[in-house]
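Written out below as structure tokens is the structure these notes cover.
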Amino acid sequence: HAKEAGRNAFRFYTERMNADAQERLDLHGRLRRGLEREEFILYYQPLVDLKSGLVVGAEALVRWQSPEQGLVAPGHFIPAAEHSGLIVPLGEWVLQEACRELVCWHAQGGRQFSMAVNISSIQFRRGDVEETVRRALAASGATPAALELELTESILIDGAEQVLATIKRLQALGVRLAIDDFGTGYSSLAYLKRFAVDKLKIDQSFVRDIVTDRDDAAIVRAVIQMAGSLELKVVAEGVETEAVAAALRAMNCDLVQGYHFGRPMPAAEFRRLIGVA
Ligand code: C2E
Ligand code: MG
Ligand code: MG
Ligand code: MG
């Protein structure tokens, strides 16, 4: 019986593996078709200056308008896009689209607004990210200094020499660099100095509970102070309540992003928000 159960378990396991693999293949195929059929769109979440309360820019966040599933959040397809390599052309499309939108804002009097774009570590390593950024800037005519690339700590940690060279070339293009989800990766402080980035984005997992969790409050306060000493701008992500905003204000946090200030929204809605449409 044990043997048979083992065999059945094995068969069940392989069947499930096949089903998972098949599902992945299906998803890859649907993503590839989705890219061809232009089913991806960008949402824009306001980036707010905490002192003035003014919107100073946005982060572009990709969505997939899937014919089968409706509006799909990036958490459901970015990993598959990375796994299949599709993140390279998808990431290029995101950059092109975000730059076009930025140019619209600037052309209609919103010169002060910046645009942040997420760069996947796969895209950074496999794609020619510098060439991609150069092309997006050239095609749109966007101001390099108004474009900010959000890198994760995982990008900065591996292959340091080559990564450093790429980062220097990106900086030579005039674009800004931010470290996204700061604190969730290999939080080595050495690379903050080494890579000379412009901004830290404190991950929402540290920000969410600062009103009630003394440890989280201590961490966020320390990161804000450190960023200040290193002359880096700092953004607190995931600000959902006025109480959290008030606590961040008391900590002298520069910039915030979160549902309390605005959810990610379609381009037309964001244009109305900043008064360029
Ligand atoms: P992220 O770059 O850290 O973006 C912030 C995420 O937090 C967004 O989720 C945003 O909607 C969400 N968020 C903002 N404010 C709040 C808040 O107050 N509370 C809560 N609970 N969440 C908040 P989203 O749009 O689902 O994106 C998830 C992640 O997917 C992003 O995290 C980013 O890592 C990735 N992503 C999104 N767009 C792109 C893209 O174009 N390229 C790449 N490579 N990755 C992307
Ligand atoms: Mg981001
Ligand atoms: Mg983040
Ligand atoms: Mg994230």
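Both ligands and their constituent atoms are indexed starting at 1 by order of listing.
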Without hydrogens or angle criteria, can the side chains of [X] and [Y] be said to hold a donor-acceptor pair below 3.5 Å?
X      : Y      : value
Asn118 : Glu59  : yes
Arg37  : Gln65  : no
Glu82  : Ser120 : yes

Task: Best match, Ser120, Ala98, Pro79, Ser205: closest heavy atom to atom 44 (N) of ligand 1 - done: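 That would be Ser120.
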
TODO: Tell me which one of Arg63, His76, Gln204, Glu59 gets a heavy atom nearest to atom 7 (O) of ligand 1.
DONE: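 It is Gln204 whose heavy atom sits nearest to atom 7 (O) of ligand 1.
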
Open item on the list: Pairs of nitrogen or oxygen atoms closer than 3.5 Å, one from Gln257 and one from ligand 1: do any exist?
Closed with: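 Not met; the criterion fails.
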
TODO: Indicate yes or no: does an N/O atom of Val62 lie under 3.5 Å from an N/O atom of ligand 1?
DONE: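 Yes, since at least one N or O of Val62 sits under 3.5 Å from an N or O of ligand 1.
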
Rounded to the nearest 0.5 Å, how far apart are [atom1] of [X] and [atom2] of [Y]?
X      : Y     : atom1 : atom2 : answer
Gln257 : Leu50 : CD    : CG    : 13.0 Å
Leu47  : Leu54 : CG    : CG    : 11.5 Å
His76  : Ile78 : NE2   : CD1   : 12.0 Å

Side chain, backbone, both or neither: which part of [X] comes within less than 4.0 Å of ligand 1 when only heavy atoms are counted?
X      : result
Gln45  : side chain
Val117 : neither
Val239 : backbone

Open item on the list: For Gly75, state whether at least one heavy atom is located under 4.0 Å from any atom of ligand 1.
Closed with: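 Distance cut 4.0 Å: Gly75 fails for ligand 1.
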
Task: Glu59: its N/O/S atom lying closest to the Mg ion (ligand 2) (atom name) - done: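 When I compare the N, O and S atoms of Glu59, OE2 is nearest to the Mg ion (ligand 2).
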
Task: Per-atom contacts of ligand 1 with Pro264, taking only distances under 4.0 Å to non-hydrogen atoms - done: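 Checking each atom against Pro264, I get 11 (O).
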
Task: Proximal atoms of ligand 1 relative to Glu240 (non-hydrogen, under 4.0 Å) - done: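 The list of qualifying atoms is 17 (C), 18 (O), 19 (N), 20 (C), 21 (N).
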
Open item on the list: To 10 degrees, how wide is the angle OE1 (Glu150) to the Mg ion (ligand 2) to OD1 (Asn118)?
Closed with: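 If I round to 10°, I get 90°.
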
- [ ] For the residue pair Trp64 and Phe77, categorise the inter-ring angle as parallel (less than 30°), tilted (30 to 60°) or perpendicular (more than 60°).
- [x]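 If you compare the ring of Trp64 with that of Phe77, the planes turn out perpendicular.
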
- [ ] Look at the rings of Trp105 and Phe113 and say which category their plane angle falls in: under 30° parallel, 30 to 60° tilted, over 60° perpendicular.
- [x]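 If you compare the ring of Trp105 with that of Phe113, the planes turn out perpendicular.
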
Please tabulate, one pair per line, all N/O donor-acceptor pairs under 3.5 Å involving side-chain atoms of residues 84-93, not counting sequence neighbours.
| residue | atom | partner | partner atom | Å |
| --- | --- | --- | --- | --- |
| Ser84 | OG | Ala80 | O | 3.0 |
| Ser84 | OG | Ala81 | O | 3.3 |
| Ser84 | OG | Leu86 | N | 3.4 |
| Glu92 | OE1 | Arg135 | NH2 | 3.1 |
| Glu92 | OE2 | Arg135 | NE | 3.0 |
| Glu92 | OE2 | Arg135 | NH2 | 3.3 |

Task: At the Mg ion (ligand 3): angle between Asp181 atom OD1 and Asp180 atom OD1, to 10 degrees - done: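 If I round to 10°, I get 90°.
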
